[in-house]
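None of the values given here were measured: they were computed from a predicted structure.
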Amino acid sequence: MKTTKRLSRLFSISLLAAATLLTACSKSGGKGGAISGAARDTTLVIGMLGDADYLNPVIGASLTSSEISGLIYPGLLQGEFDTKTGLLNYLALEKRLRPSSGPDEKSPKGALAKTWTMSPDHRSITYILRDDAKWADGQPITSRDFKFTYKLYGNPVIASPRQQFLAELIGADKGAVDFDRAIETPNDTTLVFHFYKPVPEHLALFHTSLTPLPEHLWKNVKSAEFRESKLNQQPVGAGPYRLAAWNKQQTLTLSSSATCNLPKPGNIRRIIYRVIPDYTVRLAQLQTGDVDVVENVKPEDFAAVQKANKNVDIKTIGLRVYDYVGWQNIDGDHYNSTGKVRPHPLFGDPAVRRALTLAIDRQSIIDGYLGEYGVLAKTDISPSLKWAYDDSIKPYSYDPAQAVKLLEAAGWMPGPDGIRQKNGRKFSFVLYTNAGNARRNYACTIIQQNLREIGIDCKIEMQESNVFFQNLQERKLGAWMAGWSIGLEIDPLDVWGSDLKKSRFNFPGFINPRIDQLCELAKNKMRTEEARPYWIEYQKILHEQQPITFLYWIRETQGFSKRIQGAKLNISGTYYNIDDWTLKPSIAP
């Protein structure tokens, strides 16, 4: 089996916790209430934990933002994931990187690129774009839009989390991309990227497929004002949907774009994303039929949900998402004030981080919450990426006695009150997570109990997701629990790269030059599979260093109304073909 979709939704790496929360309203009244009559038959309602942060692919960082932006904006290529090998394929209208291993599930007609040519020396790639694509305001999409937007991605003032995608362009090796030489636009339908070194074709396709913005609308926006621009609230794209309304932290409404030919307008006339931060309220609205989709339904709730509403299905996908406990490897306050790196006083020692992992009963969290839908995690390379996954690494077992030995060897001895201390400092910290996520709330409680048993004082604090994510970006949190949706192309420099200014998702501040080298060595291999030895070593380093505690991979369990027709869930995502969904009319809740 393989899956196909535009790449903006296939390989984005996004922090799942990065969504804004607010109180939702129930069926009985208020904003975001029930929809009835003819409107119901043309409206899909999705109940979600938190809001999007930005509807702008240059700066959007949350999974919600990525999903919605993927419906609004066009993609240069489409992607096809082969579950047999774990390899990602790339498709233009008239070309694909690899032969398909089975019948196509979706045509590549949504791609802006007609074809591409890789130069014999692998130092440039040339795209020929279709000439019939237009932005939603009627202006043509041209190669200049891509060059303009790549300058935005590379602008240090804008600080896009995707700066590492430009790492092979001419000039990047000298500290700044030379855009005049790196990207050429000889005419409206020709787009050429030049690299300072040979780049494998799959990586060239991956890194040159960032989503474009319309130059004619954004060209006069100053870099310092980019994140605050009103255009972020009024996105003009070219995808199957347009933004119709956005009531922040309450509802976000998309309408089918009648002018879209990439490949067509969305089938469902209107999609409403309703922010419902409380899990029990989300579940209740799924049961009553007020919402059509709720993600991450607890396994123990399956029977009750389906008993309450026979028109609800439970669909399962995975393994792409994992939860983790983040440890600030560096002293965040010192780094923020001086720009210099020094170890975090609690979590800077890898032996201490291993001790923390050994002290957490991860299997107990799985057994108590996820059951068969959870798999112990070892690193951030998923078992689904079969060509690179190292199954020889054994997950750390729950071993509090060994954890104590490691802590005491590092100088953390029991204090008079039972809390471990070193040089007069207690091993006491706050574990932060986003409010409204029942799974993480449960896990945090287990973690707190486990750490208390070995003499570590761990307090728990829930934050609204917009605050939580902002604090992560600003390195204000010493320890936190969150999750990632991994990219289907392995390229982890934006997560673990030692250049913290460019690696915007390296929230722990993990610095390991060998990781940087391995990523570069892997990227130099012309065939994806030839990079396996480097990813094997990469996994061993992460397992040994434990920059974070990898908790578990999740087989996501989503609640779906049976009135939804044509949904094909897979590792590419819950909504990967949402523009092809239809609604079966008038199924009573």
Side-chain angles (χ1 to χ4, degrees), residues 7-8 11 57-58 74-77 79 88 90-97 111-131 133 141-156 158 160-215 218-219 223 489 491 493-494 497 499 501-503 516-517 519-528 530-531:
L7 287 174
S8 58
F11 56 55
V58 175
L76 182 65
L77 299 169
L88 184 61
Y90 299 87
L91 290 70
L93 290 178
E94 300 170 1
K95 185 174 182 176
R96 61 187 63 217
L97 178 63
L112 283 169
K114 292 174 64 177
T115 189
W116 73 82
T117 302
M118 195 78 195
S119 66
D121 64 0
H122 282 254
R123 287 179 177 265
S124 68
I125 186 169
T126 301
Y127 292 97
I128 303 301
L129 308 182
R130 56 197 296 172
D131 59 8
I141 301 174
T142 73
S143 57
R144 292 187 302 277
D145 292 309
F146 283 90
K147 181 169 183 174
F148 168 79
T149 310
Y150 263 74
K151 291 180 179 180
L152 300 178
Y153 283 111
N155 189 322
I158 293 172
S160 170
R162 296 166 183 87
Q163 293 178 73
Q164 291 286 5
F165 279 63
L166 283 62
E168 290 81 32
L169 293 176
I170 286 179
D173 56 326
K174 295 178 171 58
V177 174
D178 182 347
F179 285 102
D180 288 337
R181 297 173 57 211
I183 303 177
E184 291 185 301
T185 57
N187 55 54
D188 287 353
T189 58
T190 303
L191 175 65
V192 187
F193 291 87
H194 295 284
F195 312 111
Y196 72 85
K197 64 177 183 178
V199 175
E201 190 168 2
H202 70 275
L203 185 65
L205 293 166
F206 180 45
H207 278 182
T208 57
S209 296
L210 290 176
T211 303
L213 292 177
E215 179 186 19
W218 283 92
K219 63 183 178 182
S223 299
E489 188 79 69
D491 186 24
L493 270 180
D494 55 352
D499 187 337
K501 291 182 179 180
K502 291 185 177 179
S503 300
D516 300 332
Q517 293 169 2
C519 291
E520 292 299 332
L521 288 167
K523 290 193 294 186
N524 288 337
K525 289 297 182 183
M526 293 298 121
R527 293 184 67 252
T528 305
E530 292 175 353

Within 6.0 Å of NZ in Lys95, more than 12 heavy atoms from elsewhere = yes
Could you walk me through whether Phe146 and Ile183 pass the side chain to side chain contact (heavy atoms under 4.5 Å, CB included) check?
-> CA-CA 9 Å; Phe146 283 90; Ile183 303 177; 6.0 Å; no
So CG of Asp178 and CG of Asp173: to nearest 0.5 Å the spacing works out to 10.5 Å
Looking at Ala172 and Ala167, what are the two nearest heavy atoms and their distance?
-> CB-O, 3.3 Å
Side chain to side chain contact (heavy atoms under 4.5 Å, CB included) between Phe165 and Tyr153, intermediate numbers included | CA-CA 9 Å; Phe165 279 63; Tyr153 283 111; over 6 Å; no
Tell me, do Val58 and Ser160 make a side-chain contact under 4.5 Å, heavy atoms counted?
-> yes
When rounded to the nearest 0.5 angstrom, what is the spacing between CZ in Arg162 and CG in Leu152?
-> 13.0 Å
Side-chain contact, heavy-atom cut-off 4.5 Å: Arg130 with Leu93?
-> yes
Might you point out which heavy atoms bring Leu112 and Pro74 nearest each other, and give the distance in Å?
-> CD1-CB, 3.6 Å
When you look at Tyr90 and Glu201, which way does the side chain to side chain contact (heavy atoms under 4.5 Å, CB included) test go after all the steps?
-> CA-CA 10 Å; Tyr90 299 87; Glu201 190 168 2; over 6 Å; no
How many angstroms lie between CG in Asn524 and CG in Leu203, if you round to the nearest 0.5 Å?
-> 9.0 Å
Classify the angle between the aromatic ring planes of Phe193 and Tyr127 as parallel (below 30°), tilted (30 to 60°) or perpendicular (above 60°).
-> perpendicular
Roughly how far apart are Lys219 NZ and Leu213 CG, rounded to 0.5 Å?
-> 14.5 Å
In terms of heavy-atom contacts, Val177 and Ala182 come closest through CG1-CB, 3.8 Å
Heavy-atom side-chain proximity of Leu129 to Leu76 below 4.5 angstrom = yes
For the residue pair Gly79 and Leu91, what are the closest heavy atoms and their distance?
-> C-CD1, 4.4 Å
Is the side chain of Asp145 donor-acceptor paired with the backbone N or O of Glu215 at a distance under 3.5 Å, no angle test?
-> yes
Distance, nearest 0.5 Å, that separates CG of Asp188 from CD1 of Ile141 | 12.0 Å
Does the side chain of Asp180 reach to within under 4.5 Å of the side chain of Lys147, using non-hydrogen atoms?
-> yes
So Thr142 and Thr185, side chain to side chain contact (heavy atoms under 4.5 Å, CB included) or not? Walk me through it.
-> CA-CA 9 Å; Thr142 73; Thr185 57; over 6 Å; no
Any Lys523 side-chain heavy atom under 4.5 Å of Leu493 side chain | yes
Around Lys501, counting heavy atoms of other residues, nucleotides and ligands shown, do more than 12 lie under 6.0 Å from its NZ?
-> no
So do the side chains of Glu184 and Thr126 get within less than 4.5 Å of each other, counting heavy atoms only?
-> no
Has the side chain of Ser143 got a donor or acceptor atom that lies under 3.5 Å from a matching backbone atom of Thr190?
-> yes
Can you find a heavy atom in the side chain of Leu166 that is under 4.5 Å from one in the side chain of Phe179?
-> yes
Is Lys525 close to Pro200 at the side-chain level, that is, under 4.5 Å between some pair of heavy atoms?
-> no
When you measure from the side chain of Thr115 to the backbone N and O of Glu94, does any donor-acceptor pair fall under 3.5 Å?
-> no
Which distance, rounded to the nearest 0.5 Å, do you find between the CG of Asn187 and the CZ of Arg144?
-> 9.5 Å
Minimal heavy-atom distance between Ala204 and Met118, with the atoms involved, is CB-CE, 3.8 Å
Looking only at heavy atoms, the pair that brings Glu530 and Met526 closest together is OE1-N, 4.1 Å
Apply the side-chain contact (heavy atoms from CB on, under 4.5 Å) test between His207 and each candidate in Ile125, Val199, Leu169, Asp491; give the one that qualifies.
-> Asp491
